[in-house]
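Below is one structure, written out as structure tokens; comments come after it.
Below, all heavy atoms of this structure are taken into account, side chains as well, without hydrogens, waters or symmetry copies. What you see is a predicted model, and the numbers here were worked out from it, not measured in a lab.
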Amino acid sequence: MELLVASAVGLLTAAGIYLILRRRTFPVILGTSLLSYAVNVFLFATGRLITNAPPILNKYADVPYTDPLPQALVLTAIVISFGMTAVVVMVALGAYLSAKSDRINMDETASADGEDA
Amino acid sequence: MNHLLIAPIVLPALVAPFIIMTLRYHIDLQRIFSVASTVLLVAIALVLAVQAADGTVQIYELGDWQAPFGIVLVLDRLSAMMVLLTTLLALAVNLYAVGSKWDERGHNFHALYQFQLMGILGAFLTGDAFNLFVFFEVLLIASYGLMIHGGGTRRFQAGVQYVVYNLLGSTLFLFALGTIYAVTGTLNMADLAVQVAALPAEDSALIRVGAVMLLLVFAIKASLLPLHFWLPASYAHAPAPVAALFAIMTKVGAYAILRMYTLVFGPDVAVVEGLVGDWLLPAALLTVAVGAIGVLGSKEIGRLMSFGAITSVGTLLTAIALFTPEAAAAALYYSVHSTLAAAALFLIADMVRERQGGAIAAHPVMAQSGLISVLFFVAAIATAGMPPLSGFLGKLLILDAARDDPHAVWVWGVILVSSLITIMGFARAGTLIFWKSHGLDTSDTLAEPEIEVTGADQDAAPVPARPAALPFVATFALLAGLVALTVFAGPMTRYTAATAQDLFAPGAYIDTVLANRDRPVTESDHESAGYGTAAHGDGSGHGADDATTTEESH
Amino acid sequence: MIDYAYAFAFSCFAAALLMNLWKILMAHEITDRILALDTMFINAIAMVVLFGVLLGSEIFFEAALIMAMLGFISTVAYARFLLRGNIIE
Amino acid sequence: MSLFLIAALPFLGALFPALLIRAGRNASASSAALASGLAFVGLMLHAPAILRGETVQVGIDWLPVLGLHANFFLDGLGFLFATMILGIGLLIILYARFYLSRQDPMGQFYTYLLLFQGAMVGIVLSDNILLLLVFWELTSLSSFLLIGYWKHLPEGRQGARMALTVTGMGGLAMIGGMLILGNIAGSYDISVILQHKDAIQSSDLYLPALILILIGAFTKSAQFPFHFWLPHAMAAPTPVSAYLHSATMVKAGLFLMARLWPVLAGTPEWFYIVTTTGLITMVIGAVIALFKDDLKALLAFSTVSHLGLITMLLGFGTKAAAIGAVFHIINHATFKAALFMTAGIVDHEAHTRDIKRLGGLRHLMPVTFVIATVAALSMAGIPPLNGFLSKEMMLEEASHTYWLQNPYVVPALACFAAAFSAAYSFRYIAHVFLGPKRDDYPAKPHDPGFGMWASPALLVTLVVLIGLFSAKMVGPLVDAAAGAVTQSHPHAHLKLWHGVTPALYMSGIAVGGGVLLLALHAGLERIWTALPRPEAKVIFDRLTGALTERSAAITARLHDGSLTRYALIMVTFTLVISLFAYGTGTIGAPTRDLQDVGLLPLVGWICLIVATACIVLFHRQRFIALILIGIIGLIVSLAFNFLSAPDLALTQISVEVVTIILMLLALNFLPKQTPAESPVPARMRDGAISILCGLGVGGLIYALMLRDFAVPSISEFHLANAYKGGGGTNVVNVILVDFRGFDTFGEIIVLGIAALVIFALTEAVLSTRVRAYLLNREPDMPQAGDSHPGLMVVVTRMMMPVALMVAAYIFFRGHNLPGGGFIAGLIAAIAVIMQYMASGFGWATERQRIPYHGIIGSGVLIAAATGLGAWFSGQPFLTSAFGYVHLPPLEEFELATAALFDLGVFLAVVGAVMLALESLSRFAWQPGIPTEHAMDINPARDTAAQDPKEA
Amino acid sequence: MIIDILIAGFVAVGGLFGFVGSFGLLKLNDPMSRMHAPTKATTLGVGGVLIGSMLHAWAYEGHISAHELLITLFLLVTAPVTANFLAKVFINQQTKPDDLPGPSACSLWATHDKPEHHRTSEQPTDT
Amino acid sequence: MKLLNRFLPHPLLTLMLTVIWLLLVNRFSLNSLVFGFFLGLLIPVITQPYWPNRPKLKKPLKLISYTLLVFWDIIVANVTVARIVLFMPNSKRRPAWVEIPLDIRTPEAIAMLGGTITMTPGTLTADISAQGRSLLVHCLHAPDTDEIRDEIKTRYEARLKEIFG
Ligand code: NA
Ligand code: NA
């Protein structure tokens with residue numbers, strides 16, 4: 001089980017990074033999405049894996065519980081990364097509509113010229 | 001419990017939603033509330049600084065949950081100083097934003113501004129690593145909004161880059177926190193200090209990875225080479241007051257490095273032995289060099305200022321990377337200086353841009369050229385580290401602190417040579433912008449300053465008519481801060497030296513934070529039997545049924 | 001016997017999931033891809049419910065409920081995109 | 001007068017001229033003179049004590065951590081320099097009042113001048129080398145302003161920048177040297193350092209310190225090879241040149257060498273570096289000066305030469321040479337300042353400084369002629385003027401100095417330079433003032449008013465008097481100053497006639513040689529012009545130009561705006577550093593066993609892996625990539641369910657759907673395909689890096705999962721106390737709203753900000769020409785006719801109350817079972833989004849009563865208010881309270897403030913999601929679309945519309 | 001025992017229908033037909049499992065569990081909308097007005113009712 | 001009656017929501033009933049603007065028998081579809097489009113019919129005419145399209161017409 005989770009995290013990370021290294025905003029946003037899946041599962045897995053032990057206290061039985069803390073952290077992380085994704089989508093759209101290009105790289109050298117060495 | 005401790009976070013967190021809810025269409029009321037809130041923050045920060053000045057560490061246990069189980073805010077000399085610095089900067093910049101009417105060029109400026117402050121102040125105050133992440137995100141997302149405030153193509157494009165780069169940073173932050181939690185089982189910084197110090201040295205690889213990833217996250221914020229690439233475009237294209245406020249953002253990264261790498265992963269912690277020594281200092285020195293080269297090679301005033309900021313931050317990181325109390329004290333002094341100086345530079349750059357565009361080239365003489373050139377001159381010598389201002393003293397302190405380091409020659413060489421290059425760069429820019437204009441025909445351009453929209457401001461909202469004195473007051477205030485920092489260098493360095501001593505002997509911090517860890521939880525009047533068995537994934541329930549669990553667990 | 005039934009049902013839904021995946025990847029028609037994703041959601045609901053039954057736990061109910069609701073919304077969103085480009089107009 | 005006040009007066013005075021210029025030029029000048037004069041008087045009050053050989057000291061701690069103290073002391077050396085700085089300063093102020101024209105901003109001039117004066121006084125009074133450094137660099141800065149005073153002249157700008165660059169560089173080197181010096185001596189206080197000669201000279205760091213300090217001194221004093229900036233600084237107005245390049249700035253370097261002479265001099269290193277430099281400078285300066293046609297350039301190179309002379313004397317390291325140096329400093333200041341002023345007068349009156357265009361002025365400007373002649377003769381070393389006296393002393397010392405055991409090098413070169421010195425001095429007289437009167441002067445020259453010639457006249461009076469009555473006039477001063485330099489009590493034998501000494505022969509040769517050289521000048525000049533020689537300015541410009549170009553190129557290349565590259569560098573750097581961290585540590589054995597893999601996880605894993613891989617493969621087809629993202633979200637949610645995280649599963653799937661809606665809204669406007677742009681090698685490189693990162697991250701989490709916590713996690717506390725202290729059985733929810741409610745507070749603020757940002761951005765974009773583009777935009781896919789299908793509208797209408805019911809359910813049970821405000825908020829938002837999607841933006845917006853901004857704000861405020869409520873019971877922010885209420889006939893139920901906090905979360909989420917989506921939707925909204933009906937096709941409506949018509 | 005058989009039966013039949021639904025998606029050879037299989041079979045498959053779950057709760061947990069009905073209801077209500085939308089996508093992308101039996105001689109199906117498909121001289125009257 | 005209308009503006013919806021709440025909490029208790037009823041009163045007020053012109057049911061009780069009929073048909077439909085999917089070769093299958101002219105006019109009724117068609121044997125509502133006077137139905141296997149049209153009209157539409165009027 002651990003191997004499945006670890007390999008999935010690894011692949012999501014790899015795919016995310018590969019897409020972030022593309023040159024248009026859309027694949028880059030896809031990449032950040034994948035990366036946030038990867039990191040959420042990563043963070044979740046730091047509580048170690050266990051089935052059928054949700055951290056819902058049971059009055060009637062002495063049952064095992066998984067580590068609730070990483071879950072709470074992941075929840076926070078999911079929400080935050082949602083907010084971030086929403087913003088990046090929006091900024092990218094704004095940039096595309098203004099520039100009529102969704103290239104993510106900009107030409108920084110095309111600034112004004114000075115002289116008089 | 002001293003509720004004033006949380007006031008710097010709660011106050012903006014109340015003012016911002018209030019502005020959003022009720023004052024969305026009343027810019028003047030927004031201004032009043034925003035400025036009033038910032039003034040109040042300054043007052044609070046002053047009181048906190050006074051309280052922290054004698055070295056007492058105060059904690060604020062949120063939700064009344066004792067550390068390390070709940071989130072705790074910690075006020076010590078360092079956080080008090082950074083909070084005060086932030087609020088002072090924020091006030092000046094806020095006045096500038098109001099005076100220059102930058103706040104009118106888009107929506108929600110003041111709400112975002114307050115949220116930004118909340119994030120920054122929270123980051124300085126929190127004693128919990130994950131909470132630090134949350135505040136980083138608050139300050140980042142607010143900064144995204146502020147960065148693209150007012151719109152414009154270039155600003156959007158730079159905004160996308162800024163956001164994406166920082167998203168990568170945030171992701172790395174979570175990887176780091178996950179790793180650290182998975183090894184130590186805790187998130188509280190003081191508790192981490194205890195646990196990491198007790199880790200067996202023969203099982204160090206994983207915590208080392210976590211620690212170094214965390215450092216890289218902070219290094220991104222601090223714009224350490226080669227993680228600084230987000231900075232030039234973002235600062236150059238951000239609205240001026242925002243760029244000026246951003247001057248503190250790099251310090252958040254520097255602060256976090258200093259905090260985590262003295263408290264948790266301190267120089268004498270066995271498991272992180274030799275982790276950063278070999279590369280952090282060279283990287284910091286390269287940052288200085290690249291910044292200086294950038295200053296000399298910039299053709300646009302915003303970029304010039306950005307690279308000036310990079311040089312400063314590189315110098316700061318150089319001092320931090322030495323990891324000695326003396327160097328840390330120098331770094332703290334220098335960080336105050338460089339924050340004010342960089343902010344002033346961005347505001348001045350904006351004044352120039354407003355009047356003649358951003359190109360570093362000759363233009364017809366602009367309105368208030370003399371006054372602005374004086375401001376530029378002062379800010380430039382401060383940034384370049386020329387006497388008599390605090391930049392010089394800060395650099396001297398850093399050079400002095402580096403003298404016993406084996407790499408002292410490099411530190412001295414790079415900092416001094418970079419200073420020269422920076423001086424050349426600023427002199428070149430200043431003479432072109434302010435002096436060369438006098439050689440041009442000035443017959444009909446004196447009356448009406450020509451506003452040349454370049455780069456960042458394409459198709460942005462039209463620039464409003466010339467503002468009043470407030471922008472100058474704000475800029476003067478920042479420079480006056482530099483002067484004060486110079487004149488009162490003695491008391492100031494006594495404070496930073498004491499702060500640095502605290503940092504390198506974090507016993508008091510740790511003891512204060514963890515003082516209540518064994519306090520039992522007050523029983524509610526309800527039945528509680530049968531709860532509380534923990535099994536961290538191995539399926540075999542262990543741990544007791546009640547509050548005694550906590551006593552056993554640590 | 002009941003265990004065999006569960007095992008059978010699990011296998012059926014697992015197979016269904018894999019078939020859906022295959023269809024999503026290999027379909028020529030875009031409608032088939034969306035349809036397959038929708039079906040995947042429904043099969044997943046079944047699995048969640050089955051899993052709950054197997055563990056005798058009720059905590060999976062909400063997940064199933066919400067998946068039913070959200071699977072629908074996302075399918076409609078995909079389809080609307082293809083119909084009008086604009087999913088909210 | 002306190003030394004503090006003396007040092008501060010010029011700085012304080014600097015404030016006034018700029019302010020008083022509105023009251024007139026005289027007021028401005030007077031205020032400057034007053035400040036200078038007061039300081040001068042204050043200084044003179046100390047004269048008796050100083051001339052007795054005493055020193056005056058004051059000090060306060062400025063930066064004790066560093067050892068930077070604001071300590072001042074006044075000894076003979078300091079007194080000598082301060083006297084020159086303030087005295088000549090006064091004369092310059094007077095001279096400048098008449099020199100500057102009406103167009104020149106005089107207030108600025110005096111402000112800069114006084115700033116400079118203050119910095120110079122500071123240098124010479126400092127008893128702390130760090131303090132000295134502060135003033136040192138201040139002179140660079142203020143002289144930068146003075147040299148660039150005529151902003152409209154490119155030479156001014158360039159000269160100023162060159163001066164700043166060169167002297168700034170020297171200053172920075174000196175910082176290094178001073179820090180070393182201070183560290184060897186254990187103090188930065190000069191009076192302390194001067195006690196540590198042996199420690200300093202025996203230190204390993206002596207040579208580096210010496211070199212660094214000397215670089216500072218040499219650059220400032222324009223010593224070879226840093227001499228080239230000085231002539232270019234002549235672009236400044238003449239008063240500036242007269243002040244900076246006769247008495248003050250260039251002498252700062254000499255002052256420093258003299259100041260540190262007791263601890264630095266006397267070693268072979270010192271001798272060879274300083275003497276040689278001085279000698280070379282003296283010779284080169286003298287030779288070049290002869291061939292300069294610009295009066296000020298001639299004087300500038302003569303200054304270079306004389307500075308070399310003094311440097312050489314200091315380099316000799318003997319007491320007598322030091323006395324000579326001190327004496328020549330005085331003499332040079334008097335005659336050179338006077339010469340600069342006369343050059344200024346000539347320029348002012350004749351409108352040219354070109355010697356070739358001058359001549360015969362003696363007839364037109366007799367007063368100026370007299371002043372210039374006396375000063376020039378002094379410079380030439382003609383008795384009985386003061387220049388002769390000190391030059392004699394120099395020649396005397398040179399005559400018995402061995403250079404590499406060679407007795408002839410120094411005297412011969414000194415004599416050679418002296419001859420050239422005499423020659424250019426004579427040329428200044430002969431080619432400017434003598435000769436026939438010309439009729440082609442650019443202007444009609446005549447003697448200026450008294451105000452302008454008073455200053456040089458006073459100076460030449462001194463030249464004469466010092467020459468004649470040297471012992472009386474300056475004897476005590478020279479003794480005191482030389483005493484300070486040599487740390488002894490020397491007695492200088494200043495007199496005109498020393499008898500027939502080698503020096504007298506050499507003087508004679510020099511004067512004779514000078515006359516000869518002047519006679520041969522025309523011929524020599526042809527040779528000089530024909531000689532190839534490096535032009536320092538060209539080299540400097542080329543160097544700085546190249547440096548600037550290179551910097552611009554490097555900067556542009558590094559920061560070219562390619563996020564792709566930035567990200568690649570960041571990822572690679574992170575990977576490398578992390579691997580380094582891992583590799584330098586050691587890893588223990590696993591402590592946990594692997595868990596079995598069942599069918600379900602395997603199938604889920606396959607789906608996830610395949611979908612992820614396919615996203616990479618098909619990412620160019622953006623819509624398909626979004627569908628694949630849907631699979632990943634689904635599987636991750638299932639995995640959370642399977643691995644005991646029901647809350648996460650709910651959150652993941654809800655967020656997933658909202659995200660996809662968001663992306664689809666955006667994709668509508670974006671290109672639907674991504675072009676293949678990166679070349680194959682780049683893709684392979686990216687792939688390799690990505691795979692390595694994936695392996696790293698996967699390996700890391702695998703290693704972590706196989707090991708237990710070092711100590712039990714803090715979450716055991718949460719499990720143990722969730723119910724007892726937090727009142728809930730869903731521990732994750734209790735952590736979110738109670739144990740770590742502060743995180744959640746931050747989290748909803750993040751969400752709220754995100755929505756605000758999106759809103760603001762929409763407004764920003766739609767307020768530009770993008771709006772017009774959007775209105776005229778043709779859809780890039782074939783659109784179906786029916787935009788709001790009735791089936792969907794009906795179903796969503798029915799579902800809305802149900803969905804809200806579900807949201808309420810999820811909300812209320814969250815504290816004890818999976819759920820909570822966040823998920824409930826998303827579900828409620830989705831219920832509303834359904835209306836937007838089914839019935840249209842306009843229709844749904846019209847039905848929205850409360851602005852989403854308000855919902856966000858109220859959510860955050862409710863959460864904050866809940867937190868603040870705790871203050872009223874004396875508890876910290878966010879302390880929760882809960883209780884159990886029993887109202888018959890109802891069963892007992894729980895009331896918790898955490899629910900109120902969660903309500904804040906709920907509202908913030910609803911508001912944020914809706915505001916974000918609504919903002920995005922506005923991009924597509926066309927104002928023309930009718931909004932009164934949700935359904936495009938509604939036969940009931942049509943029938944109703946027809947019926948009245950038929951009736 | 002009987003209840004076990006019932007549970008097992010429902011669960012197994014549910015599984016079978018789930019399989020059939022997805023298999024149909026693969027097997028059926030035209031896009032419109034493929035929409036039938038998951039809409040109906042998969043929904044029923046889930047229904048079977050849900051009834052099994054209800055029975056299980058009643059038999060083993062000792063209480064009547066009816067919330068599974070909600071999920072069933074949800075699926076039943078939403079499935080037609082999904083199918084409708086996908087069908088419209090198909091009609092929009094793959095067909096022209098003439099490929100379908102017209103609603104009447106001179107009108108269009110809603111999906112085709114866009115400017116470029118309006119037949120000339122048409123008068124929008126239905127039966 | 002007026003008073004009742006004031007406090008219970010949407011009795012049917014309130015009832016439905018209360019039942020849904022009880023289903024959601026899955027344990028009957030007085031608390032749940034009271035709270036569910038409270039929400040059942042509240043939520044319709046919030047959602048009211050989103051459902052204007054809510055149709056009045058003429059014979060609401062007939063809805064129950066209709067629902068049962070459809071449930072039964074769904075099960076039959078699935079067996080039919082399963083047989084076709086599993087055992088009928090694609091070559092023998094006769095998919096077809098069928099137009100169903102509509103007599104009902106209420107959008108809710110049409111939607112219900114459309115939903116019913118989709119969930120019942122071998123048919124799927126694909127589209128509606130531009131004026132909403134007929135439905136386009138796709139049949140998975142329809143050797144005789146007229147028969148299908150007639151069955152839909154008699155079995156379902158007639159009943160819905162009764163219910164909605
Ligand atoms: Na509490
Ligand atoms: Na369906």
Side-chain angles (χ1 to χ4, degrees), chain C residues 7 10-11 13-18 20-22 24-27 30 32-38 40-41 43-45 47-52 54-55 57-89, chain D residues 599-600 603-604 606-607 610-611 614 623-624 626-628 630-631 634 637-638 641-642 646 649-650 653-654 656-657 660-661 664-665 667-668 779-781 783-784 786-788 792 799 803 806 809-810 813 817-819 823 827 830 833-834 836-838 840-841 844 917 920-921 924-926 929:
Chain C
F10 266 126
S11 312
F13 283 112
L17 273 186
L18 291 176
N20 297 149
L21 180 70
W22 177 260
I24 295 175
L25 301 179
M26 294 300 157
I30 195 76
D32 284 335
R33 294 184 200 258
I34 302 174
L35 185 63
L37 182 62
D38 186 61
M40 208 173 198
F41 259 89
N43 285 325
I45 294 169
M47 284 190 133
V48 169
V49 173
L50 263 183
F51 196 59
L54 194 67
L55 298 179
S57 169
E58 281 192 39
I59 62 157
F60 297 101
F61 163 67
E62 286 74 20
L65 186 67
I66 285 170
M67 280 164 77
M69 216 164 113
L70 298 176
F72 162 68
I73 293 293
S74 59
T75 309
V76 169
Y78 287 125
R80 265 212 72 123
F81 179 82
L82 293 176
L83 277 175
R84 302 278 305 169
N86 204 346
I87 63 172
I88 296 177
E89 60 181 339
Chain D
L599 173 68
L600 286 187
V603 170
I606 292 172
C607 290
V610 172
C614 287
F623 183 70
I624 291 180
L626 279 188
I627 293 179
L628 293 171
I631 303 182
L634 178 65
S637 172
L638 284 178
N641 253 327
F642 185 76
L650 294 179
I653 199 82
S654 328
E656 177 67 31
V657 170
I660 281 178
I661 290 175
L664 285 172
L665 279 171
L667 184 59
N668 181 27
D780 46 10
M781 296 186 299
Q783 276 189 309
D786 183 8
S787 56
H788 305 119
M792 169 81 176
M799 274 175 70
V806 171
Y809 168 71
I810 295 281
R813 74 191 302 261
L817 288 165
I823 304 162
I827 292 170
I830 285 168
I833 295 168
M834 282 197 287
Y836 276 86
M837 280 169 57
F841 178 80
L917 291 178
L920 255 171
S921 308
W925 190 60
Q926 312 263 344
I929 293 177

Worksheet item: Which answer fits C/I66, side chain, backbone, both or neither, if we ask what part of it has an atom under 4.5 Å from a heavy atom of chain D?
Response: side chain
Worksheet item: Non-hydrogen atoms of chain C under 4.5 Å away: do they reach the side chain of D/I653, the backbone, both or neither?
Response: both
Discussion item. If I compare all heavy atoms of C/A63 with all of C/V48, which pair ends up nearest, and what's the gap?
Written reply: CB-CG1, 4.2 Å
Item to complete: Working to the nearest 0.5 Å, report the span between CD1 of C/I73 and CD1 of D/I661.
Response: 6.0 Å
Worksheet item: Most heavy-atom pairs under 4.5 angstrom with chain D, which of C/L25, C/L21, C/I59, C/L37?
Response: C/L21
Worksheet item: Is a side-chain donor or acceptor of C/R33 paired with a backbone partner of C/I24 at a separation under 3.5 angstrom?
Response: yes
Item to complete: Against chain D, label C/F51 side chain, backbone, both or neither, depending on which of its atoms sit under 4.5 Å from a heavy atom there.
Response: side chain
Worksheet item: Given a strict heavy-atom distance threshold of 4.5 Å, which part of D/L664 is in contact with chain C: side chain, backbone, both, or neither?
Response: both
Worksheet entry | Proximity breakdown for D/P779 and chain C, heavy-atom pairs closer than 4.5 Å | neither
Worksheet, complete the sentence: Turns out that what part of C/R80 lies under 4.5 Å from chain D's heavy atoms comes down to side chain
Discussion item. Apply side-chain contact (heavy atoms from CB on, under 4.5 Å) to residues C/M40 and C/L17 and explain how you reach the verdict.
Written reply: CA-CA 6 Å; C/M40 208 173 198; C/L17 273 186; 3.4 Å; yes
Worksheet, complete the sentence: Counting heavy-atom pairs under 4.5 Å with chain C, the top scorer among D/N668, D/D786, D/L599, D/I830 is D/N668
Fill in: Heavy-atom proximity to chain C below 4.5 Å, by part of D/I627
both
Worksheet item: What's the shortest heavy-atom distance between C/A44 and D/L634, and which atoms?
Response: CB-CD1, 4.0 Å
Discussion item. Quick check on the interface: out of D/I833, D/L638, D/I606, D/L665, who has the most heavy-atom pairs with chain C under 4.5 Å?
Written reply: D/L665
Worksheet item: Considering only heavy atoms, which portion of D/A844 lies under 4.5 Å from any heavy atom of chain C: side chain, backbone, both, or neither?
Response: neither
Discussion item. Using heavy-atom distances under 4.5 Å, tell me whether D/C607 contacts chain C through its side chain, its backbone, both, or neither.
Written reply: both
Worksheet item: What part of C/L65 is in contact with chain D, defined as an atom under 4.5 angstrom from a non-hydrogen atom: side chain, backbone, both or neither?
Response: side chain
Discussion item. Working note: D/H788 + D/M837, criterion side-chain contact (heavy atoms from CB on, under 4.5 Å); need CA distance, chi angles, decisive distance, verdict.
Written reply: CA-CA 8 Å; D/H788 305 119; D/M837 280 169 57; over 6 Å; no
Practice prompt. Measure distances from C/F13 to the heavy atoms of chain D and classify the residue's part below 4.5 Å as side chain, backbone, both or neither.
Written response: neither
Response to the item:
On a heavy-atom basis, the closest approach of D/M792 and D/A838 is CG-CB, 3.4 Å
Worksheet item: What's the shortest heavy-atom distance between C/G71 and C/F41, and which atoms?
Response: CA-CD2, 3.5 Å
Response to the item:
Interface check, chain C: of D/L817, D/I631, D/L626, D/I660, most non-hydrogen pairs under 4.5 Å belong to D/I631
Worksheet item: With under 30° as parallel and over 60° as perpendicular, where do the rings of D/F623 and C/Y78 fit, or are they tilted in between?
Response: perpendicular
Practice prompt. Please name the pair of heavy atoms, one in C/F72 and one in D/M834, separated by the smallest distance, quoted to 0.1 Å.
Written response: CE2-SD, 4.2 Å
Worksheet item: Is chain C contacted by the side chain of D/L667, its backbone, both, or neither, given a heavy-atom distance below 4.5 Å?
Response: both
Worksheet item: If you tally heavy-atom pairs under 4.5 Å against chain C, which of D/I823, D/V806, D/I827 wins?
Response: D/I827
Worksheet item: chain C heavy atoms under 4.5 Å from D/M781: which part of the residue, side chain, backbone, both or neither?
Response: side chain
Discussion item. Report which part of D/Y809 has an atom under 4.5 Å of a heavy atom belonging to chain C: side chain, backbone, both, or neither.
Written reply: side chain
Worksheet item: For C/A16 and C/N43, which heavy atoms make the closest approach, and how far apart are they?
Response: CB-ND2, 3.5 Å
Worksheet item: Does D/P818 reach the side chain of C/F60, with side-chain heavy atoms less than 4.5 Å apart?
Response: no
